[in-house]
Undergrad: 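Here you go, one structure.
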Amino acid sequence: MTLKLTNTLTRRLEPFEPLVPGQVSIYCCGVTVYDLCHLGHARSYIAWDVLRRYLIWSGYAVTFVQNYTDIDDKILNRAAEEGSSMEAVSERNIDAFVADMARLNILPPDRMPRATESLAAIRSLIGELVAKGAAYSADGDVYFAVMQHAGYGKLSGRDLGEQQDNAAGRVASEEEARKQHPFDFALWKGSKPGEPSWESPWGPGRPGWHIECSAMVREELGDTIDIHLGGADLVFPHHENEIAQSEAASGQELARYWLHNGMVNVGGQKMSKSLGNFTTIRALLDSGVSPMTLRLFTLQAHYRKPLDFTAEALEAAATGWKGLNAALGLAASGAAIATDPAGLAPELAAARQRFAAAMDDDLNTSAALAVLFELAKPLRALANRIERGDGAAAAEAATPALVAQGKLLLELAGVLGLQQERAAESPATGSGSGSGPGVASPSDAEIEAQITARQAAKAAKDFAAADAIRLALQAQGIELIDKPGGITEWLRS
RNA sequence: GGCGGCAUGGCCAAGUGGUAAGGCAGAGGAUUGCAAAUCCUUUACCCCCAGUUCGAAUCUGGGUGCCGCCUCCA
């Protein structure tokens with residue numbers, strides 16, 4: 001069985017065959033670094049991280065390039081708001097992006113080009129397009145002539161003729177007046193006072209958004225790449241324009257497979273900065289949700305479908321992750337054994353096969369996760385028995401069959417980027433689930449004293465008193481958990 | 001208005017012709033002084049209507065509802 005992917009270009013599920021056998025070149029549209037990333041970005045980059053890990057696991061040599069858009073109106077606006085510079089805003093948000101991705105266990109791209117460092121490639125590409133008559137300069141700007149390019153609209157399924165009416169409804173602007181056709185888009189924007197600009201044959205200015213990707217793809221990976229990735233909201237106009245620019249210049253197909261991920265929704269609506277309904281990755285993680293919970297949450301749905309972000313669904317993922325994590329912990333502690341796939345027991349070989357079949361089917365991570373949960377089930381049970389001091393369970397877990405099952409679980413979880421976490425997480429989702437600010441929390445010493453008192457009450461079989469202490473602490477946000485052997489643990493909720 | 005997509009149990013979500021994966025929640029049981037945690041067991045006929053077929057959640061037609069893109073956006 002081979003990997004099949006839904007190609008936006010054809011809207012069909014197609015067998016994946018790289019241009020060069022055994023090698024895959026991937027370009028992923030990165031972020032515009034004007035602010036922190038939110039859950040929509042997390043979902044997208046987690047999905048593509050899984051694609052990449054799966055290709056590597058399948059034996060491909062993958063080259064993964066992802067850009068930073070660090071020249072943009074939004075960055076300039078942000079810099080103006082805070083009285084800093086475009087560079088300062090970009091640097092800060094790039095650092096934050098790297099940190100957020102690392103927390104989510106997303107593999108760093110092989111190369112991360114920036115628009116500000118790709119000016120030569122951008123100017124050269126624009127020059128080529130102008131020379132070929134695919135683009136024209138107008139008053140310091142350079143525009144791509146959409147009507148000159150046969151095939152414009154092939155990715156998004158648009159017909160320019162049918163789009164005319166809408167274009168007529170657009171707000172007229174100076175820029176619109178310079179265009180030969182309303183759908184023409186800027187490759188180069190003449191500089192405005194006070195804005196950063198670069199020299200060019202068409203006068204000082206800065207590149208448009210779409211051209212940077214075309215230039216970077218060509219510079220980093222060549223005229224034709226295997227896979228181009230991005231959010232579904234980039235299909236039009238960004239990717240459509242990218243195709244037009246690149247293909248007009250090179251005469252070659254830009255990318256053979258176009259993959260797009262579905263949006264993260266909140267209350268049925270797309271999470272976005274402009275709607276203001278977003279949660280940043282770090283706000284969520286800092287609220288106590290573990291990175292792996294977020295990963296599991298996004299991977300439970302198919303990458304192409306919209307994913308509704310709700311507190312309930314996140315909590316479900318947190319609980320699910322807890323179980324998987326326990327199994328992974330036990331597996332990781334198991335003796336090191338050879339993981340030769342050929343030597344697997346029939347049931348494990350079948351599980352591995354089902355996992356691969358699921359992933360081959362357009363990255364069906366939901367079905368792949370079902371395999372993980374099934375593998376994890378007995379391990380999780382043993383892990384919990386061991387935690388309770390069950391010696392027999394430890395012996396059971398050490399049997400070759402279960403150790404091998406654990407190794408397989410670790411391996412497959414790794415393909416999804418799911419990594420064992422040591423610290424327990426709080427199930428809180430960050431929106432005021434803690435105790436109110438007015439309630440003073442007791443000190444550790446006070447809690448310990450209460451626990452000692454309760455143990456005395458229990459020893460005296462005065463359960464009413466023992467329960468009263470537990471309830472009192474509970475009211476202060478302290479939860480008591482009795483463990484075997486008379487040990488009582490506690491945690492602040 | 002144009003283009004594209006989705007509709008499966010209380011919630012999330014797989015399944016694209018042969019009588020519904022998985023996770024969460026719920027229920028019953030075990031364990032516990034009681035809880036919590038844990039373990040075991042268990043819960044659906046697939047938006048509506050009409051077709052195709054021996055047989056459809058799965059194909060066709062119609063309807064309803066929802067979402068994305070058409071402006072920056074993962």
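Heavy atoms only: backbone and side chains are in, while hydrogens, waters and symmetry mates are out. Order of the sequence lines fixes the chain letters, A, B, ..., with proteins taken first and strands second; residue numbering starts at 1 for each chain.
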Undergrad: One character per nucleotide, please: for nucleotides 21-27 of chain B, 5' to 3', B when the base has a protein heavy atom closer than 4.0 Å, S when only the sugar-phosphate does, - otherwise.
TA: BSSSS--
Undergrad: For U38(B), which nucleotide is its Watson-Crick or G-U wobble mate, given both distances must be under 3.5 Å?
TA: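 Because both required distances fall under 3.5 Å, U38(B) counts as paired with A30(B).
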Undergrad: Quick check on C39(B): is either OP1 or OP2 less than 4.0 Å from any side-chain nitrogen or oxygen of Asn384(A)?
TA: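 So the side-chain polar atoms of Asn384(A) do come within 4.0 Å of the phosphate oxygens OP1 or OP2 of C39(B), strictly under.
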Undergrad: Polar pairs (N or O, both sides) under 3.5 Å between protein and nucleotides 42-46 of chain B?
TA:
none

Undergrad: How about Tyr152(A) and Phe183(A): are their ring centroids closer than 6.0 Å?
TA: no
Undergrad: Could you give the CD1-to-P distance, from Ile281(A) to A74(B), as a whole number of Å?
TA: 11 Å
Undergrad: Would you list the protein and nucleotides 30-36 of chain B atom pairs, both N or O, that sit under 3.5 Å from each other?
TA:
| unit_1 | atom_1 | unit_2 | atom_2 | d |
| --- | --- | --- | --- | --- |
| G33(B) | O6 | Arg454(A) | NH2 | 3.4 |
| G33(B) | N1 | Asp467(A) | OD1 | 3.0 |
| G33(B) | N2 | Asp467(A) | OD1 | 3.3 |
| G33(B) | N2 | Asp467(A) | OD2 | 2.6 |
| C34(B) | O2 | Arg470(A) | NH2 | 2.3 |
| C34(B) | N3 | Arg470(A) | NH1 | 3.0 |
| C34(B) | N3 | Arg470(A) | NH2 | 3.1 |
| C34(B) | N4 | Asp482(A) | OD2 | 3.0 |
| A35(B) | N6 | Asp482(A) | O | 3.4 |
| A35(B) | N1 | Asp482(A) | N | 3.2 |
| A35(B) | N3 | Arg470(A) | NH1 | 3.0 |

Undergrad: Salt-bridged, Arg470(A) to Asp467(A), with N to O below 4.0 Å?
TA: yes
Undergrad: Expressed in angstrom and rounded to an integer, what is the separation of Asp159(A) atom CG from C3(B) atom C1'?
TA: 10 Å
Undergrad: Round to the nearest Å and state the distance from Lys4(A) atom NZ to U16(B) atom C1'.
TA: 13 Å
Undergrad: Pairing donors with acceptors under 3.5 angstrom, does anything connect the side chains of Glu212(A) and Ser118(A)?
TA: no
Undergrad: In the structure shown, which nucleotide is the Watson-Crick or G-U wobble counterpart of G9(B), with both distances under 3.5 Å?
TA: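 The answer is none; no pair meets the criterion.
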Undergrad: Tell me: CE of Met263(A) to P of G5(B), nearest whole Å?
TA: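 From Met263(A) CE to G5(B) P: 15 Å.
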Undergrad: Between the side chain of Ser366(A) and the main-chain N/O of Gln300(A), is any donor-acceptor distance below 3.5 Å?
TA: yes
Undergrad: Give me the distance, rounded to whole Å, that separates A20(B) from C46(B) when you measure between the P atoms they each carry.
TA: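 Looking at atom P only, A20(B) and C46(B) are 12 Å apart.
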Undergrad: Less than 4.0 angstrom between a side-chain N/O of Asn265(A) and OP1 or OP2 of G68(B), yes or no?
TA: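 Answer is no, no contact under 4.0 Å.
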Undergrad: Pick base, sugar-phosphate or nothing for Gly323(A), based on heavy-atom distances below 4.0 Å to the nucleic acid.
TA: nothing
Undergrad: Would you mind reading off the distance between His239(A) atom NE2 and G4(B) atom P, rounded to a whole angstrom?
TA: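 Distance, rounded to whole Å: 19 Å.
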Undergrad: Checking the side chain of Ser246(A) only, and the main-chain atoms of Ile243(A) only, is there a donor and an acceptor separated by less than 3.5 Å?
TA: no
Undergrad: Phe278(A) CZ to C72(B) P: how many Å, rounded?
TA: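 Roughly 20 Å, once rounded to whole Å.
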Undergrad: Mapping Trp48(A) and Gln269(A) to their closest nucleotides on RNA chain B, which lands nearer the 5' end?
TA: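 That would be Gln269(A).
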Undergrad: How many whole angstroms separate atom NE2 of His260(A) from atom C1' of C67(B)?
TA: 17 Å
Undergrad: Could you pull out the closest heavy-atom pair between Val217(A) and Glu242(A), with the gap in Å?
TA: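 Answer, listing the atom of Val217(A) first, then Glu242(A): CG2-OE2, 4.2 Å.
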Undergrad: If I pick the P atom on U58(B) and the same atom on G18(B), what distance separates them, to the nearest angstrom?
TA: 12 Å
Undergrad: Select from His38(A) and Ala301(A) the residue whose nearest nucleotide in RNA chain B is closer to the 5' end of that strand.
TA: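 Closer to the 5' end of RNA chain B: Ala301(A).
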Undergrad: Give the minimum heavy-atom separation between Ala351(A) and Val371(A), together with the two atoms involved.
TA: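 Shortest heavy-atom contact: O-CG1, 3.4 Å.
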Undergrad: Would you mind telling me which of C39(B), C69(B), A37(B) lies closest to the side-chain atoms of Arg158(A)?
TA: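 Nearest listed nucleotide: C69(B).
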Undergrad: In whole angstrom, give me the gap between the P atoms of A25(B) and U31(B).
TA: 22 Å
Undergrad: Rounding to the closest angstrom, what is the interatomic distance between G5(B) and U60(B) at atom P?
TA: 12 Å
Undergrad: Distance between the C1' atoms of G2(B) and C24(B), in whole angstroms?
TA: 40 Å
Undergrad: Salt bridge between Arg92(A) and Glu82(A), side-chain N to carboxylate O under 4.0 Å?
TA: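 Answer for the salt bridge query: yes.
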Undergrad: Report yes if the distance between the aromatic ring centroids of Trp48(A) and Tyr303(A) is under 6.0 Å, otherwise no.
TA: yes
Undergrad: Is Asn364(A) touching bases, backbone alone, or none of the nucleic acid, heavy atoms closer than 4.0 Å?
TA: sugar-phosphate
Undergrad: G33(B) and G26(B): how far apart are their P atoms, nearest whole angstrom?
TA: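 Going atom to atom, P in each nucleotide, I get 23 Å.
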Undergrad: Between U43(B) and G1(B), how far apart are the two C1' atoms, rounded to whole Å?
TA: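 Each nucleotide's C1' atom is 46 Å from the other's.
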Undergrad: Got a sec: does the NZ of Lys154(A) have more than 12 other heavy atoms crowding it under 6.0 Å?
TA: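 Enclosed: over 12 neighbouring heavy atoms sit under 6.0 Å from NZ of Lys154(A).
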Undergrad: Can you find an N or O donor on one side and an acceptor on the other, under 3.5 Å apart, linking the side chain of Lys74(A) with the base of C72(B)?
TA: yes
Undergrad: Scan Arg43(A) against the nucleic acid and name what it touches under 4.0 Å (heavy atoms): base, sugar-phosphate only, or nothing.
TA: nothing
